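Worksheet: one structure, shown below.
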Protein chains: 2
Amino acid sequence: MQSYTEENYLKTIYHLAEKTTNVQTNAIAEQMQTKPASVTDMIKKLADKGLIDYIKYQGVTLTEKGKNTAIDIVRKHRLWEVFLVDKLNFKWDEVHDVAEELEHIKSIELIERLDEFLGFPKADPHGDPIPDKNGRFAKTQFIKLIELKVGDSGTITGVSQHSSAFLKHLEKLGLTLGKQIQVSDVTDFDGSVEIQVSDKQVNISREVAKHILISSNGKN
Amino acid sequence: MQSYTEENYLKTIYHLAEKTTNVQTNAIAEQMQTKPASVTDMIKKLADKGLIDYIKYQGVTLTEKGKNTAIDIVRKHRLWEVFLVDKLNFKWDEVHDVAEELEHIKSIELIERLDEFLGFPKADPHGDPIPDKNGRFAKTQFIKLIELKVGDSGTITGVSQHSSAFLKHLEKLGLTLGKQIQVSDVTDFDGSVEIQVSDKQVNISREVAKHILISSNGKN
DNA sequence: AATAATTTTTAGATTTACCTAAAAATAAAA
DNA sequence: TTTTATTTTTAGGTAAATCTAAAAATTATT
Ligand SMILES: [Mn+2]
Ligand SMILES: [Mn+2]
Ligand SMILES: [Mn+2]
Ligand SMILES: [Mn+2]
């Protein structure tokens with residue numbers, strides 16, 4: 001059984017490992033909003049418990065056991081987010097912090113029944129995949145909106161940025177999950193992208209376009 | 001903002017204060033499954049924070065602020081229990097431990113929306129009243145089943161014992177919340193009570209009858 | 001290869017929530 | 001009203017998770 005804090009470290013390491021192979025002390029510290037010295041302390045403990053492999057000065061990697069634990073927390077986090085949006089009518093930019101707390105509730109039965117109650121969802125309100133109870137993810141095929149060419153179309157199925165500011169911005173532009181879009185122009189000057197959504201033309205910056213994930217349904 | 005532990009102390013003190021006016025250190029220790037010395041430490045802290053009034057060797061009482069905090073936790077606990085039973089199909093004897101964890105999730109918005117989602121319930125799965133968001137309880141008029149005379153009838157609206165063993169026993173006898181009952185006999189020998197429920201006759205011990213709460217609907 | 005910069009670890013403290021054992025206060029019994 | 005029993009508090013310590021400041025290891029730059 002892991003403490004609340006240990007669980008958060010494992011989850012952080014898991015997410016960092018999605019980007020870089022070798023997860024470093026400073027990166028963990030930044031993500032956890034703590035100091036590198038504290039991270040070193042916790043890293044030793046997690047290594048002692050067999051949850052991570054650790055060589056001094058060389059960063060850490062999750063063991064099988066550690067990875068399973070992390071995935072389980074990710075599963076809980078995302079299921080709770082679905083609950084908050086689908087059942088309690090929270091907006092997609094309001095759910096993360098509450099889910100950060102709910103993900104630590106320790107009851108297998110609870111999460112099984114919640115999963116069923118929600119209809120075994122495959123993705124959370126941000127399009128992130130929800131692993132099943134065995135830790136398996138349905139594999140998804142995303143492409144960044146920025147990579148689409150003029151004329152390409154697709155469906156918004158995820159975002160790779162979860163800040164409230166970003167999500168509210170998308171909401172305002174009508175760019176929500178499930179929306180059908182088509183790229184109508186790419187501005188030479190600043191690389192901003194003009195897209196067609198629900199019969200409207202909207203212009204989004206390169207920065208925004210980078211963080212919208214599209215499941216492509218055909219090029220032109 | 002209180003810690004998880006502080007919240008549990010406040011809730012324990014609140015519940016003990018329902019029974020005795022002056023809540024003693026040993027009683028708190030027993031309830032919290034900890035040692036009196038630890039209770040003294042925490043009591044000092046809560047007094048410093050203005051959540052309880054404390055005179056050395058004289059026990060404690062909740063301040064207005066402390067009482068409000070405690071009631072808020074009771075509210076959350078009971079709402080989550082309703083959620084678990086009504087939405088996730090838990091049985092009434094399975095919800096308490098999970099609710100003990102859920103009650104500490106800190107989000108006013110969450111509990112407001114949960115309350116609404118559940119249809120603003122007035123009682124939890126054990127018949128315990130749920131305070132509204134201002135901490136006010138709908139006043140209820142219970143009488144213990146043991147106090148009924150032969151011929152008296154009423155509706156089961158609560159239990160004053162929450163152990164899984166007791167609740168499962170009632171379940172097996174068909175004595176669940178909302179059931180209409182009538183006392184048909186009281187045995188001289190052991191004081192056990194014979195009651196009529198859903199066209200069946202069941203015999204329950206004095207001990208069981210003491211912990212079933214009835215909203216009386218007329219004597220005979 | 002030597003020096004400088006960066007990253008990571010150790011050393012030594014702090015805070016929270018516990019504990020045991022012993023002392024002090026209060027309550028009950030003789 | 002002493003004596004005894006019970007309750008409560010203090011004294012002193014432990015473990016988890018954090019911190020700052022300084023030392024050590026690694027990596028990058030001349
Ligand atoms: Mn999230
Ligand atoms: Mn998410
Ligand atoms: Mn309960
Ligand atoms: Mn209850």
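Protein chains get the first letters and strands the later ones, always in sequence-line order, with residue 1 at the start of each. What you are looking at is a predicted structure, and each value in this text was computed from that prediction instead of being measured.
- For A:Ile55 and D:dT26, the CD1 to P distance is 11 Å, given to the nearest whole Å.
- For residues 55-80 of chain A, every residue pair satisfying the ring-ring contact (aromatic ring centres under 6.0 Å, His included) rule, not counting sequence neighbours, is listed here: A:His77-A:His96, A:Trp80-A:Phe83.
- In terms of phosphate contacts, A:Thr34 brings a side-chain nitrogen or oxygen within less than 4.0 Å of OP1 or OP2 of D:dC19.
- Atom CD in B:Glu6 sits roughly 15 Å away from atom P in C:dT15 (whole-Å rounding).
- Under the side chain to side chain contact (heavy atoms under 4.5 Å, CB included) criterion, B:Asp53 pairs with B:Thr61, B:Thr63, not counting sequence neighbours.
- Every ring pair (Phe, Tyr, Trp, His ring centres under 6.0 Å) that A:Tyr4 has, sequence neighbours left out, goes to A:His104.
- Taking atom CE on A:Met42 and atom C1' on C:dT8, their separation rounds to 17 Å, with Å as the unit.
- Among the atoms of the strands shown, base atoms are found under 4.0 Å from some heavy atom of A:Ser38.
- Using a 4.0 Å cutoff on non-hydrogen atoms, no part of residues 18-27 of chain B comes near DNA chain C.
- Side-chain N/O atoms of A:Lys44 include none lying less than 4.0 angstrom from OP1 or OP2 on C:dT9.
- For A:Ile43 and D:dT18, the CD1 to P distance is 13 Å, given to the nearest whole Å.
- Interatomic distance, B:Glu94 CD to A:Leu110 CG, rounded to the nearest 0.5 Å: 11.5 Å.
- Among residues two or more places apart in sequence or in another chain, the ring pair (Phe, Tyr, Trp, His ring centres under 6.0 Å) test is passed with B:His15 by none.
- Remark: P of C:dT14 and CG of A:Asp41 are 16 Å apart, rounded to the nearest angstrom.
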Residues 27-37 of chain B side chain polar contacts: donor-acceptor under 3.5 Å, at least two apart:
none

Donor-acceptor contacts, no H, no angles, side chain residues 131-140 of chain A, under 3.5 Å, sequence neighbours left out:
unit_1	atom_1	unit_2	atom_2	d
A:Asp132	OD1	A:Asn134	N	2.8
A:Asp132	OD1	A:Gly135	N	3.1
A:Asp132	OD1	A:Arg136	N	3.0
A:Lys133	NZ	A:Glu112	OE1	3.3

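- Distance, A:Glu30 CD to C:dT7 P: 11 Å, rounded to whole Å.
- In this model, the phosphate group of C:dT16 is not approached by any side-chain N or O of B:Tyr9 to a distance below 4.0 Å at OP1 or OP2.
- Residue B:Thr40 places at least one side-chain N or O under 4.0 Å from the OP1 or OP2 atom of D:dT9.
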Between protein and nucleotides 21-25 of chain C, what N or O pairs are separated by less than 3.5 Å?
unit_1	atom_1	unit_2	atom_2	d
C:dA25	O4'	B:Tyr57	OH	3.3

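- Judged purely by atom type and a 3.5 angstrom limit, B:Glu101 uses its side chain to pair as donor or acceptor with the backbone of A:Lys106.
- Residues satisfying the ring pair (Phe, Tyr, Trp, His ring centres under 6.0 Å) test with B:His162, not counting sequence neighbours, are B:His126.
- Nucleic acid contact for B:Tyr54: sugar-phosphate only, since backbone atoms but no base atoms lie under 4.0 Å from a heavy atom of the residue.
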